[in-house]
Every structure is written in C-alpha cells, then in structure tokens.
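Below is one structure; the comments refer to it alone.
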Protein chains: 2
Amino acid sequence: MDSMTIMVRKQTAADQALRLDNQICFAVYSTAHAFNRVYKPLLDRLGLTYPQYLVMLALWERDDVPVKDLGERLFLDSGTLTPLLKRLEAAELIKRTRSTEDERVVLIALTSQGHALREKAKAVPQSILAASDCTVGELLAMKDEIVALRDRLNAVLGE
Amino acid sequence: MDSMTIMVRKQTAADQALRLDNQICFAVYSTAHAFNRVYKPLLDRLGLTYPQYLVMLALWERDDVPVKDLGERLFLDSGTLTPLLKRLEAAELIKRTRSTEDERVVLIALTSQGHALREKAKAVPQSILAASDCTVGELLAMKDEIVALRDRLNAVLGE
DNA sequence: CGCAATCGAATTGTGCACAATATAAATTAT
DNA sequence: ATAATTTATATTGTGCACAATTCGATTGCG
C-alpha cells in the first residue's frame, strides 16, 4: 500500500507540472490570437495584416535594410518574409532592390506611400491601449517580464 | 513657435504610444513563436504539432466532447479544428463520430492510442520549465497577468 | 589561384488561423 | 405543419510560419 500511495503521488505531481507548463504557454498562445483579432479591424483600414504591420513598424524605425536584418528584429526567417515583402511591394509600400555591393542581399526601402502610411497608423495604438484596459505602467511591466521569458527561451534554442 | 512646439510634442507622444503598444503585442507574439520553437523537438517525438498537443491536452482532461466545446476551450473555430482533427484521426489518436441525438454535432473521443500517448507526454513539461529558467511561482504569476489581459481583449471583441 | 565552405534569399511542402460561405439538422414562429 | 431562423460543422481562399532544399554570390583556406 505504501508503494501504491507513492505511485499515485508521483502521477499527480507529473499531471500538475504538465498542466502548469501548458497553462503558461497556452496563455501566451491564446493572448497572441486575441491581440490579432483586436488589431484586425484597425489594420484592415490600413490594408495590412498584423505581421505586415510589424514589418512596417520596423521599417518606420529604420529602413534600407537587408531582409536578414528584418528577420533578426522580428524573429522571422526568409521563408516567411519573402512572400510577405512581395505583397508589401505589390501594395507599393516598399521597394525591394539587390545590393550592388553584395548581390546576395535584398535591401528593403519604404516608398513615399509607405512613409505616408505612418500617419494613418498613429490612430491604431490608442484603440489597442483602450481594449487592453490596462495602464501604461502595467503594460510596460508585463512587457518586460514577457520579453525576459522570450529571451530565455531563445537563449536555450541557441544552445 | 509655441504652436510648433506643441505640434512636435504631440508627434513625439503619438510615436511613443505607438511604440509602446507595439512592444507589448509584439512581445506576446514573439514569445508565442519562441515557445513553439522550444516545444517542437519535444513534440516531434510524440508526432504532434503544438496546436495538436493543445487539443490532446484538452481531450486528456475531458473527451467525448463536441468540436464546438474544444473550440471554446482553445479559442479556435471549425475552420482550424476540422482539418487538425482529421489529421489526429488519421494518426489514430482520436475518433470522430456524429452524435445520434443531434446529427449536427461531431463528438471527439480518444482512442486507446490517444490515451496511451498521455504517458509519453509527461516528459514534455519538465523540459519546458527548464528552458523558461523561471520558478513555478514566477510563471504562475505571469500566467495570471497574461490571462487577465487576454480575457479583457476577448471581452472587447464580444462587444 | 582555385575550390570548398559559407552566406543571403528564394522555393517547396506542411500545417495552422480565420473570414466568408455552404450545408444540413434542429428550433422557433406563424 | 411549413417557413424562417439558428446552430454545428465543413469548405474555400488568403496569409502567415517554419523545415528543408536550392541557387547564386562571397569568403577563406591551402
């Protein structure tokens, strides 16, 4: 009966551990979807998807950069970025040009329309802040915790 | 010059607000990807993707449930779940059967292999906990904050 | 110098994620 | 009971996301 009790306790601990890890990862996963759904109607007006919006945000801070650079800033690879960037080029928000110095790299630059879209995009953040129903301070604190977690996870991936 | 100063200040505030909201949503978005990448090698051994793993976790807690139920628990719709569940059925982890009481609903039940996979899955959470490099308490606190944020976002979507 | 190794993008194939639509079954209203 | 509406799932089309592979350009090493 002792050994049986121990077995039952071990199973319970494993179950709870599994449940815990799931809850945290699932919390992040489902919150990302929730954000996406809140952003969607706002970004529809700009003609952007959320990943495209992220790319534009990155480019508004610094453009004329290689695809590789964008990928490192956004944690995305060329398999994701290449078709996305082609769609942004088709929408005439960016221009893709091969570097003359190194023919392997493709430089991404904003068009005048791409720059102009920044003004319209300024309406977006207030709506999100309102939807989150948090103070700026609370969100900043959460962000720092989440980023710290992300960076530890990414550190494990880099061995 | 006064009016110009005001304009400049307004622009700076808008820029910062936009940057802030971006950082929080992007933090969640990029952390979800980081989790996915950490899970992948572990779940490969089980023959599951991360969304499939979430479905299995939900079913291990309660199965013989309609697709609708799963969708509500995971915040996913039938367009996502139907093909995913068909793949799990092809892998012989679940069985999909029309309810006899209400022919509209499809009930999802675990097969014996589906139940059995639970034992192998218990190896997963420890690795994730180790990768996160956090204490259980820290992760629980973060989870609660993130879930609270998610629920507020979802509340806005439901009007 | 020449050639292997590396590098940056692009391509291919699989699997979500969701909007919009379709369809069949059940419920409600008339 | 028949029509209109609602409900649960399935289908279609678009757009990520990433592993694996390919390809041309560049770098390094002997």
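Computed from a predicted structure; not experimentally measured. Each chain gets a letter, A, B and so on, in the order the sequences are listed, and its residues count up from 1.
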Check the pair B/Glu103 / B/Arg98 against salt bridge (Lys or Arg N to Asp or Glu O under 4.0 Å), numbers first and verdict last. CA-CA 6 Å; B/Glu103 292 277 349; B/Arg98 290 255 163 213; 5.5 Å; no

Distance below 4.0 Å between B/Lys86 side-chain N/O and C/dG15 OP1 or OP2: no

Would you give the length of the straight line joining atom OG1 of B/Thr82 to atom CG of B/Asp77, rounded to the nearest 0.5 angstrom? 8.5 Å

Between C/dG15 (P) and B/Asn36 (CG): distance, integer Å: 14 Å

Select base, sugar-phosphate, or nothing to describe what A/Leu84 touches, counting heavy atoms under 4.0 Å on all strands. sugar-phosphate

What's the shortest heavy-atom distance between B/Ala34 and A/Arg150, and which atoms? CB-CG, 4.0 Å

Residues in residues 93-101 of chain A with a heavy atom under 4.0 Å of DNA chain D, by number, are A/Glu101

On DNA chain D, compare the nucleotides closest to B/Leu107 and B/His33; which residue's is nearer the 5' end? B/Leu107

What nucleic acid atoms does A/Ser78 come within less than 4.0 Å of, heavy atoms only: base, sugar-phosphate, or nothing? base

Nearest-nucleotide check on DNA chain C, A/Arg37 vs A/Val67; residue mapping nearer the 5' end is A/Val67

Give one of base, sugar-phosphate or nothing for A/Thr80, where a contact means two heavy atoms less than 4.0 Å apart. base

Let me know the distance between OH of A/Tyr39 and P of C/dA19, rounded to the nearest Å. 17 Å

Shortest side-chain distance from A/Thr49, nucleotide among C/dC16, C/dA19, D/dC16: D/dC16

Nearest whole Å is fine: how far is D/dA17 C1' from A/Tyr50 OH? 15 Å

Both A/Asp77 and B/Pro83 contact DNA chain D. Taking the nearest nucleotide for each, which residue is further toward the 5' end? B/Pro83

Which of A/Leu54, A/Val55, A/Thr49 passes side-chain contact (heavy atoms from CB on, under 4.5 Å) with A/Gln52? It is A/Thr49

Classify the nucleic acid contact of B/Leu76 as base, sugar-phosphate or nothing, counting any heavy atom under 4.0 Å across all strands shown. sugar-phosphate

Please tell me which of the listed nucleotides, C/dC16, D/dG24, C/dC18, lies nearest to the side chain of A/Arg104? D/dG24

Can you tell me if the side-chain N/O atoms of A/Tyr29 get under 4.0 Å from OP1 or OP2 in C/dC16? no

In Å, rounded to the nearest 0.5 Å, how long is the span from NZ of A/Lys95 to OG1 of A/Thr111? 9.5 Å

For the pair made of CD in B/Glu103 and P in C/dT23, what is the distance, rounded to whole Å? 19 Å

Consider the side chain of B/Thr82, meaning its heavy atoms from C-beta on, and name the nucleotide among D/dT9, D/dC16, D/dT26 that approaches it most closely. D/dT9

Once you round it to whole Å, what is the distance between C1' of D/dG15 and CG of A/Leu54? 14 Å

Is B/Arg152 close to A/Ser132 at the side-chain level, that is, under 4.5 Å between some pair of heavy atoms? no

Taking all heavy atoms of B/Leu110 and all of B/Met56, pick out the closest pair and write down the distance. CD2-CE, 3.7 Å

Provide, to the nearest angstrom, the distance between the CG atom belonging to B/Leu70 and the P atom belonging to C/dA17. 14 Å

dist A/Ile146:CD1 -> A/Asp151:CG (nearest 0.5 Å) comes out at 12.0 Å

Is any side-chain nitrogen or oxygen of A/Lys68 closer than 4.0 Å to OP1 or OP2 of C/dT6? no

Take atom CG of B/Leu85 and atom C1' of C/dA17, then tell me their distance rounded to the nearest Å. 14 Å

Assign A/Asp102 to base, sugar-phosphate, or nothing according to its heavy-atom contacts below 4.0 angstrom with the strands shown. sugar-phosphate

Atom pair distance, as rounded to whole Å: CG in A/Leu48 and C1' in D/dT14: 15 Å

Examine C/dG15: is either OP1 or OP2 under 4.0 Å from a nitrogen or oxygen in the side chain of B/Gln52? Give yes or no. no

When you measure from the side chain of B/Val105, which nucleotide among C/dC7, D/dA17, D/dT9 comes out closest? D/dT9

Do B/Tyr29 and A/Phe75 have their ring centres less than 6.0 Å from each other? no

